[in-house]
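Residue numbering restarts at 1 for every chain, and letters A, B, ... go by the order of the sequence lines. Every heavy atom of this structure was used, including side-chain atoms; hydrogens, water molecules and symmetry mates were not.
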Number of protein chains: 2
Amino acid sequence: MRIGELASASGISRDSLRFYERAGLLKARRQQNGYRDYPAEAVQLLLYIKTAQKLGFSLAEIGTNLARLRTAPDQDAAVGALLADKLQVVEQRLDELTALRNELRNRLGQTCPLRLQPSVGVETRTGPERAARRLDF
Amino acid sequence: MRIGELASASGISRDSLRFYERAGLLKARRQQNGYRDYPAEAVQLLLYIKTAQKLGFSLAEIGTNLARLRTAPDQDAAVGALLADKLQVVEQRLDELTALRNELRNRLGQTCPLRLQPSVGVETRTGPERAARRLDF
DNA sequence: CTAAAGCCTGGAGTACACTCCAAGGTCAAG
DNA sequence: CTTGACCTTGGAGTGTACTCCAGGCTTTAG
């Protein structure tokens, strides 16, 4: 599989794939002509990378995880641990978002959840009737 | 309120506050000596900015939202709309994360959720017994 | 009065993750 | 045998969000 094919199969640009290679995330063997040659599994790997990115992992972290995986004595266990870690991250993020959602719902039910002036801290000193015009937010 | 006070009250560095000012997010009036002077509400505004950032909004988007708010004919309505929008974003993200969590849980229950070779696409051609050693992931 | 802490500005530097470009090699179709 | 699509490299440029620094003024504590 050449780079263009992998790019369209994974939805990741050729340039990004080469960038990932430099970053040590995705190696490729080479054809006689020097073209990169990817195995079919690379698509899955890229999907994984995308997912990990969505979870807030940097490419460096993802690379470290992948490297650790490749050298783990018990790969099944290592994979399990990694997935479990990710699951934890996801659940923590879910909790945060749920809290945020509840807060937003509460604020929507109120008149005046946060106050800020029309232009915070700027010389809007045109009189007391202007000072009274506050932005509810 | 001077910049250092606001920095410690909001947990945002002085440099960042000045950066936000350049970005148009946070204006400050000035004291006679040229020092920035912030109203107490600035703390709330910064908490809002932090929240919006957590939601994935760029500073530019946040700035646009704030500007729109300040010039809205009906500020209460505008605020309500913005909160409702944010709520939607949060709920969408919750859905995505929930799907991801379910996927992770499923994979944890399986033997072999994703397959990749010890070093994807690299000359690990040491024999068939090596090829059989695949990484479940 | 001095020292330390705090503030100012402009500008440079950093980290991350791309994205684009130039100059050139490869390959299949017409 | 040329055209066009695809590939190679190295390196420069982009956007985001800071972060740090130099050089200099202001304020506060002792």
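- Atom C1' of nucleotide C:dC27 and atom OH of A:Y35 are separated by 6 Å, given to the nearest angstrom.
- Not a single donor-acceptor pair under 3.5 Å links the side chain of A:K50 to the backbone N or O of A:I12.
- Heavy-atom contacts from other residues, nucleotides or ligands closer than 6.0 Å to CZ of B:R18 number more than 12.
- Note on B:Y35: it does not cluster hydrophobically with B:L17, by side-chain heavy-atom contacts below 4.5 Å among ILVMFWY residues.
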**Request:** Please lay out, stage by stage, how B:V90 and A:T98 fare under the test side-chain contact (heavy atoms from CB on, under 4.5 Å).
**Result:** CA-CA 8 Å; B:V90 171; A:T98 304; over 6 Å; no
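- A:F57 and A:F19 fall within a single hydrophobic cluster, where Ile, Leu, Val, Met, Phe, Trp and Tyr side chains are chained together by heavy-atom contacts under 4.5 Å.
- Remark: C1' of C:dT26 and CZ of A:R2 are 9 Å apart, rounded to the nearest angstrom.
- Think of the region where chain B sits on DNA chain D: with heavy atoms and a 4.0 Å cut, that region ends 5' and 3' at D:dA17 to D:dT27.
- Atom pair B:E5:CD and C:dC7:P shows a separation of 9 Å (rounding to whole Å applied).
- With rounding to the nearest 0.5 Å, the separation of CZ in B:R2 from CG in B:N33 is 7.5 Å.
- Atom CZ in A:R101 sits 10.0 Å away from atom CG in A:L94 (nearest 0.5 Å).
- A heavy atom closer than 4.0 Å to some atom of DNA chain C occurs in A:Q53, A:S58, A:L59, these being the qualifying members of residues 50-63 of chain A.
- With respect to the salt-bridge test (charged N to carboxylate O, under 4.0 angstrom), the residues B:R105 and A:E91 qualify.
- Side-chain nitrogen and oxygen atoms of B:R36 include at least one within less than 4.0 Å of the OP1 or OP2 phosphate oxygen of C:dC8.
- Using a 4.0 Å cut-off between a side-chain N of Lys or Arg and a carboxylate O of Asp or Glu, A:E21 and A:R30 qualify as a salt bridge.
- Residues B:G34 and A:N33 both approach DNA chain C. Their nearest nucleotides, taken by heavy-atom distance, put B:G34 toward the 5′ side.
- Picking from C:dT26, C:dC8, C:dG6 the nucleotide with the shortest atom distance to the side chain of B:I3 gives C:dC8.
- Contacts with DNA chain C (heavy atom under 4.0 Å) in residues 12-22 of chain A: A:D15, A:S16, A:F19, A:Y20, listed by number.
- At least one donor-acceptor pair under 3.5 Å links the side chain of B:D37 to the backbone N or O of B:M1.
- For B:R14 (side chain) and B:A7 (main-chain N/O), no donor-acceptor pair under 3.5 Å exists by modelled atom type.
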